[in-house]
Amino acid sequence: MVNIDYIVKEELLRSFPVLVVSFLIIGLLNREGYIPLRMSGVFILSLFITAIHFSFMVWYRKKGTN
């Protein structure tokens, strides 16, 4: 069985709202014509932003525990 670090598990759960909010914001910008993307592009861009946020927060919290 894989033992997941508690910081990674907490940040993974916290990243779901970031995904939803970034998807809504990018979708709104797409609808208004500021960024020309298809829906798959909107989803991939929001996943990319969420992955960056997740990585940064895990790094920041692990840095604080050392």
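Positions are given from 1, in the same order as the sequence printed here.
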Could you tell me the separation between the [atom1] atom of [X] and the [atom2] atom of [Y], rounded to the nearest 0.5 Å?
{"X": "I35", "Y": "I25", "atom1": "CD1", "atom2": "CD1", "value": "10.5 Å"}
{"X": "T50", "Y": "L12", "atom1": "OG1", "atom2": "CG", "value": "10.5 Å"}
{"X": "R61", "Y": "R14", "atom1": "CZ", "atom2": "CZ", "value": "5.0 Å"}
{"X": "L47", "Y": "S15", "atom1": "CG", "atom2": "OG", "value": "9.5 Å"}
{"X": "R31", "Y": "L24", "atom1": "CZ", "atom2": "CG", "value": "11.0 Å"}
{"X": "I7", "Y": "M57", "atom1": "CD1", "atom2": "CE", "value": "10.5 Å"}

After noting the C-alpha distance and the side-chain angles of K62 and D5, does the key distance pass the side-chain contact (heavy atoms from CB on, under 4.5 Å) rule?
CA-CA 10 Å; K62 284 189 181 243; D5 188 18; 2.5 Å; yes
For residues [X] and [Y]: do they belong to one hydrophobic cluster (side chain heavy atoms under 4.5 Å, members Ile, Leu, Val, Met, Phe, Trp, Tyr)?
{"X": "I26", "Y": "M39", "answer": "yes"}
{"X": "L45", "Y": "L19", "answer": "yes"}
{"X": "I44", "Y": "F16", "answer": "no"}
{"X": "V18", "Y": "V20", "answer": "no"}

Side-chain donor or acceptor of S46 paired with backbone N/O of F43 under 3.5 Å:
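Present.
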Could you tell me how the ring of W59 sits relative to the ring of F56: parallel (under 30°), tilted (30 to 60°) or perpendicular (over 60°)?
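W59 vs F56 ring planes: tilted.
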Checking E11 against Y60 for the side-chain contact (heavy atoms from CB on, under 4.5 Å) test, could you report, in this order, the C-alpha distance in whole Å, the side-chain angles of both residues, the deciding distance, and whether it holds?
CA-CA 11 Å; E11 289 305 325; Y60 181 75; over 6 Å; no
V58 and V8: which non-hydrogen atoms are nearest, and at how many Å?
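So the two residues come closest at CG1-CG2, 4.2 Å.
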Take L37 and L29 through the test side-chain contact (heavy atoms from CB on, under 4.5 Å) and record every step on the way to the result.
CA-CA 10 Å; L37 294 173; L29 291 173; over 6 Å; no
Within a strict 4.5 Å, meaning less than it, do heavy atoms of the E32 and L28 side chains meet?
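Yes, close enough: below the 4.5 Å cut-off.
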